[in-house]
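Working notes, beginning with the structure itself.
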2 protein chains.
Amino acid sequence: MNFNAVTIRDIAKELNLSVSTVSKALHDSYEISEKTKKLVLECAQRNNYRPNPIAQSLKQGNSKSIGIVVSTIENQFFSQVINGIESVAHKEGYNVIITQTHESYDLEVKNVNHLTSRSIDGLLISLSTETPDVEHLKKLHAQGLPIVFFDRVTEEINTHKVISDNYNGGYDATKHLIDSGFRRIAHITSPPNISITKERLAGYKDALTDAGIFTPDDYICYCPHGGRDISEIENALNFLLNLKDKPDAIFTTSDRITTTTISLLNKLKVAIPADIALVGYTNTTLADILNPPLSSVHQQGFEIGQKATEMLLNLIKSKWPVTEFETVVLPTHLFVRESSIKKDKNL
Amino acid sequence: MNFNAVTIRDIAKELNLSVSTVSKALHDSYEISEKTKKLVLECAQRNNYRPNPIAQSLKQGNSKSIGIVVSTIENQFFSQVINGIESVAHKEGYNVIITQTHESYDLEVKNVNHLTSRSIDGLLISLSTETPDVEHLKKLHAQGLPIVFFDRVTEEINTHKVISDNYNGGYDATKHLIDSGFRRIAHITSPPNISITKERLAGYKDALTDAGIFTPDDYICYCPHGGRDISEIENALNFLLNLKDKPDAIFTTSDRITTTTISLLNKLKVAIPADIALVGYTNTTLADILNPPLSSVHQQGFEIGQKATEMLLNLIKSKWPVTEFETVVLPTHLFVRESSIKKDKNL
DNA sequence: AATGTTTACTAAAACGATTGCGTAGAAATA
DNA sequence: TATTTCTACGCAATCGTTTTAGTAAACATT
């Protein structure tokens, strides 16, 4: 049931004009007299006529909408990215269709299929943690669908990418902990297959190496689902807290892992930072009022969204197949709060 | 640039068949011989043919997608609602287009127009705080667009609605504060024009009245933009804290107002709950690890989304104009945490 | 053999908007 | 008056798919 019954044809009938005259009048064509234009416009207004965009899309061969795939919009980083995307897309008359993978590969494939089968003009995607390969995207990319990756990218597809400076984010967070006097710094992170994990981990490792601190591999814990399930982080913490050389600080990646870690440490009566200091990778606007206020690496979510969308729209609008691609890296910023300030426990 | 060039016509040409034969073969019609079907299917596969959904939509008169209008997805309540919406919509093969008003009336009108001009089959909307009237929706409703309101509803349009039990949420929160020994309970809330404000306010007032507590009107502060700007809450708090009969507790509505209130009180060194107790209306998953852990009225966001979508899909699928509408009210749940527990300040 | 039935396909008309081309009638020009 | 030019509009094709209404040819029935 199409609720909007008023078509260009209805107007034509009502005014005893041809369909093409009405269409041209609505487009303010020079071929139509002012009198007729006025007549048509008035009639369209009165009947609340709205051109059927589906018909327009069919005619024009584009849908003026772009698809977004993220893990979950509950993650403030992603909702900030989406705001950035919208700010650019809407300005250019593009609509945005948001889908969530909840870190599942299955859902990612389904969403991508759904989006392309709804005829999007381009795709913005941050890969799911569980995505083992990108064949589903390679095919589309080969067919000419403009794709821009952001946040979690893949090297297997050559296209534009926008990421945070994850390496330096990881380096800075770790160095800050070192500079604050911590030496046994653990790392709880997402699965090792996704790009952000590797990059942040590399930063973490290099900061430690540069400071001459040896860190056992035991200190690095991976959460298979990126912290989707509390148990993943419970396991990691149990493991870390039971090590004979218990860490005195933890560097966590991702919103979910970070906030869940605080929650669990609080529950376990492990004082932050007295017993264990914490620096997270998170964009939550609540970092300031958490208990304790959370030191965190902040990413320019909004800007990432903006940049990615600009690049995507360039691809979409390009008349020629684009072969030169670039990867934009935006800086991260470390906010130091209480959770990483060395305190004497007995103070 | 449509990236998918292969049409049903291409296949027809390649196999020397008619377009209709190909279409029917792809739809496994009984009119087509097995041999031809196999031929067509193989050819479609080989050329990676995918039906153009826009053409299908045009033909079928529906777009299989529903529009959502919320104030902002950064608000966890709304992202939870959206998850609920998606869970139902996707199961039924419907796509979802999310738009944000950021509490602006202008954006609400724009988004609604954009959505309907993108041919949605139905609309799920929570009104913006700044929306003065619903003429833009009345028109569409009159034209037969299926609409379901949730959260912030209007009485001026007769259709399905799904809301939280805001009255009881307000009542319970206030009663809890009273039972905890607080007597001077202020209320910081959204503008008085939106439904949730009125309902929660009524609950707040009744709880006080029922307890025989007189409360001056001064104790009720409205944030014109629903707390979008920090200054709104700063003003409210300044006002409340400078009253000669300073409140000993505050009941706040909405995620934004609640979390900003904590943040500001912390900054002002006003101890929660020792100086001022706090109960908020919020769905943040971080309530537990805030400083202090926040007592809050929790709404069934996911379920609201589910229910609203079920009702919308019923409207969409109905062959007959629906005239009997219902308003579903889902219970809220008060989580008591530290922020509202009476404490002797000098303890 | 004449008629009915089935099989397997095609032609053409939708869906709604856009647009190149054609043209009647008015106006301008020769 | 005859011819050209303009003006203002209509016709018909188009986008890709679906669907209704056919129709030849093969087969079966009487």
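Naming: A, B, ... by sequence-line order, numbering from 1 per chain. Predicted model only: the values in this text are computed from it and were never measured. Values below: every heavy atom of this structure, side chains too, minus hydrogens, waters and symmetry copies.
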With sugar-phosphate meaning primed atoms plus P, OP1 and OP2, does [X] contact a base, only sugar-phosphate, or nothing at under 4.0 Å between heavy atoms?
X	answer
B:S20	base
A:T36	sugar-phosphate
A:L26	nothing

Next item on the list: Using only heavy-atom distances, decide whether a donor-acceptor pair under 3.5 angstrom links the side-chain of A:K37 to the base of D:dT7.
Entry: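 By the distance-only test, no, there is no pair.
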Note to self: With a 4.0 Å limit, can you tell me whether A:Y30 has a side-chain N or O closer than that to the phosphate oxygens OP1/OP2 of D:dC9?
What the structure shows: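 A:Y30 to D:dC9 OP1/OP2: no side-chain N or O under 4.0 Å.
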Checklist line | Contact under 4.0 Å: A:S23 side-chain N or O vs C:dT18 OP1/OP2 | finding: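 Indeed, a polar side-chain atom of A:S23 lies that close.
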Do the non-hydrogen side-chain atoms of [X] and [Y] ever get within less than 4.5 Å of each other?
X	Y	value
A:H160	A:N314	no
B:I66	B:I120	no
A:F150	A:V70	yes

How close or far is atom [atom2] of [N] from atom [atom1] of [X], stated in whole angstroms?
X	N	atom1	atom2	result
A:L15	D:dA8	CG	P	17 Å
A:H27	D:dA8	NE2	P	20 Å
A:K64	C:dA17	NZ	C1'	16 Å

Which nucleotide sits closest to the side chain of [X]: [options]?
X	options	result
A:K24	D:dC9, D:dT17, C:dG20	C:dG20
A:L58	C:dG16, C:dT18, D:dT17	C:dG16
B:T7	C:dA11, C:dT19, D:dG16	D:dG16
B:R9	D:dG16, D:dT18, C:dC9	D:dG16
A:I8	C:dC9, D:dT17, C:dA17	C:dA17

Checklist line | Residue mapping more 5' on DNA chain D - nearest nucleotide basis, B:K59 or B:E31 | finding: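 By nearest-heavy-atom nucleotide position, the 5'-most residue is B:K59.
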Note to self: With nearest nucleotide decided by heavy atoms, which residue, A:Q56 or B:E34, maps closer to the 5′ end of DNA chain C?
What the structure shows: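 That would be B:E34.
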Check: Salt-bridged, B:K139 to B:E135, with N to O below 4.0 Å?
Finding: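 Salt bridge: no.
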Next item on the list: Starting from the C-alpha separation in whole Å, work towards a yes-or-no answer on side-chain hydrogen bond (donor to acceptor under 3.5 Å, both in side chains) for B:E103 and B:T129.
Entry: CA-CA 5 Å; B:E103 304 297 7; B:T129 50; 3.1 Å; yes
